[in-house]
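Lettering of chains follows the sequences in order, A, B, ..., and the numbering in each one begins at 1.
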Amino acid sequence: MQYWLMKSEPEVFSMDDLSKVPREPWDGVRNYQARNFMKSMKKGDLAFFYHSNCKPPGIAGLMTIAKTAYPDYTAWDPNSPYFDEKSSEENPRWFMVDVKYKKRFKELITLDELKQEKKLADLPLVRKGNRLSIMPVTAQQWDYILSLSSFLPPKPS
DNA sequence: GCCAACGTTGGC
DNA sequence: GCCAACGTTGGC
């Protein structure tokens with residue numbers, strides 16, 4: 001079992017959006033390092049859902065990797081903003097995984113909070129200039145970040 | 001909207 | 001294989 005952090009701009013796709021669908025293809029990743037991390041994901045891995053480029057940025061909740069990496073077909077669609085003419089069905093350049101909603105935090109754990117935690121100093125997210133949109137999280141970091149959170153109570157059924 | 005930091009591209 | 005130019009990310 002591995003742990004991850006994955007960024008999305010909430011105006012494009014948010015934790016709330018994820019909670020409304022059974023699963024979601026994590027498309028549009030166009031960075032080799034991030035792609036390689038996705039390729040090493042296994043079904044059942046857990047990931048933090050990070051809201052980026054918003055006020056305030058931070059971790060919104062948890063999701064599960066529901067499907068391992070497969071070709072990102074948005075790269076083949078000339079009408080997609082993620083189109084890349086160098087990726088073909090015969091030789092796909094970009095990959096994606098499917099993710100599934102798990103839990104939403106009662107409150108966002110803000111980037112500001114995370115930066116203040118000495119125990120998270122090695123987390124790429126808080127390091128200056130790091131722009132990786134997908135990064136590994138160690139088990140220790142994962143547990144520590146979870147200890148900072150509280151969850152929304154389950155919906156009454 | 002600014003811009004630092006970083007990744008990618010392509011000429012040489 | 002170097003590196004300048006350019007584009008993007010994403011916090012502020």
Side-chain angles (χ1 to χ4, degrees), chain A residues 2-21 24-41 45-65 68-138 140-142 144-150:
Chain A
Q2 302 166 103
Y3 301 99
W4 308 95
L5 182 144
M6 301 168 78
K7 297 181 185 175
S8 175
E9 301 191 13
E11 291 208 355
V12 179
F13 187 78
S14 72
M15 191 70 190
D16 270 349
D17 296 329
L18 181 62
S19 74
K20 290 169 190 158
V21 293
E24 177 75 9
W26 201 264
D27 60 12
V29 173
R30 298 290 179 268
N31 168 283
Y32 289 104
Q33 208 179 345
R35 179 203 69 180
N36 292 343
F37 283 135
M38 277 202 294
K39 281 184 164 185
S40 70
M41 290 178 178
D45 282 359
L46 294 173
F48 289 125
F49 191 130
Y50 180 85
H51 283 179
S52 68
N53 210 359
C54 57
K55 289 179 185 174
I59 300 172
L62 309 181
M63 53 194 178
T64 310
I65 305 306
T68 54
Y70 59 103
D72 182 342
Y73 43 73
T74 63
W76 306 331
D77 176 3
N79 296 316
S80 166
Y82 303 128
F83 176 65
D84 179 356
E85 60 179 5
K86 290 172 182 165
S87 185
S88 64
E89 294 195 40
E90 300 74 34
N91 190 14
R93 171 179 293 207
W94 303 114
F95 288 76
M96 58 190 174
V97 296
D98 283 357
V99 298
K100 194 170 70 180
Y101 174 87
K102 188 171 172 68
K103 278 180 176 176
R104 189 152 63 89
F105 294 156
K106 201 177 285 183
E107 293 175 37
L108 198 77
I109 305 176
T110 64
L111 177 62
D112 199 44
E113 268 178 89
L114 295 168
K115 279 182 169 172
Q116 287 170 26
E117 299 292 342
K118 288 201 174 71
K119 289 185 178 173
L120 300 176
D122 291 333
L123 187 67
L125 181 74
V126 302
R127 290 215 298 267
K128 193 180 178 186
N130 196 289
R131 304 184 322 188
L132 255 188
S133 63
I134 295 177
M135 67 189 73
V137 175
T138 67
Q140 290 80 6
Q141 290 163 344
W142 180 270
Y144 189 71
I145 292 169
L146 278 189
S147 77
L148 303 172
S149 73
S150 61

Pairwise N/O distances under 3.5 Å, protein to nucleotides 1-3 of chain B:
none

Flag, side chain of A:Asp72 to backbone of A:Gly28, donor-acceptor distance under 3.5 Å: yes
Counting only heavy atoms from other residues, nucleotides and ligands, does the tally under 6.0 Å from CD of A:Glu9 exceed 12? yes
Between C:dG10 atom P and A:His51 atom NE2, what is the distance in whole Å? 13 Å
Over all heavy atoms of both residues, which pair between A:Trp4 and A:Pro136 is shortest? Give the atoms and the distance, please. CE3-CA, 3.6 Å
Would A:Thr74 and A:Arg30 count as having a side-chain donor-acceptor pair, cut-off 3.5 Å? yes
Gap between atoms CG and P, on A:Asn31 and B:dA5 respectively (whole Å): 19 Å
Would you confirm whether the ring centroid of A:Trp94 sits within less than 6.0 angstrom of the ring centroid of A:Tyr32? yes
Please work out which residues in residues 125-134 of chain A have a non-hydrogen atom less than 4.0 Å from an atom of DNA chain B and list them by number. A:Lys128, A:Gly129, A:Arg131
Checking side-chain polar atoms at under 3.5 Å, does A:Asn91 have a donor or acceptor matched by the opposite partner on A:Ser88? no
For the side chain of A:Tyr32, starting at C-beta, report the closest nucleotide among B:dG10, B:dT8, C:dG11. B:dT8
Report the residue (A:Gln33 or A:Lys86) whose heavy-atom-nearest nucleotide on DNA chain B is the more 5′ of the two. A:Gln33
Kindly determine whether A:Asp77 and A:Tyr82 satisfy side-chain hydrogen bond (donor to acceptor under 3.5 Å, both in side chains), including the steps that lead there. CA-CA 8 Å; A:Asp77 176 3; A:Tyr82 303 128; over 6 Å; no
Between A:Lys7 and C:dT8, does any side-chain N or O lie under 4.0 Å from OP1 or OP2? no
Within this structure, what is the CD-to-P distance between A:Glu85 and B:dT8, rounded to whole angstrom? 17 Å
Output the rounded distance in Å from CH2 (A:Trp94) to P (B:dG7). 13 Å
Atom-to-atom span, CZ of A:Arg30 to C1' of B:dC6 - whole angstrom: 19 Å
Report yes if at least one side-chain N or O of A:Tyr50 is closer than 4.0 Å to OP1 or OP2 of C:dT9; otherwise report no. no
Closest of B:dT9, C:dG10, C:dC12 to the A:Leu111 side chain is C:dC12
Should the pair A:Phe49 and A:Trp26 be assigned to parallel (<30°), tilted (30 to 60°) or perpendicular (>60°) ring geometry? perpendicular
Check the distance between C:dG10's P and A:Leu114's CG and give it to me in whole angstrom. 15 Å
Option from A:Thr64, A:Val21, A:Leu18, A:Asp45 for which side chain to side chain contact (heavy atoms under 4.5 Å, CB included) with A:Val99 holds: A:Leu18
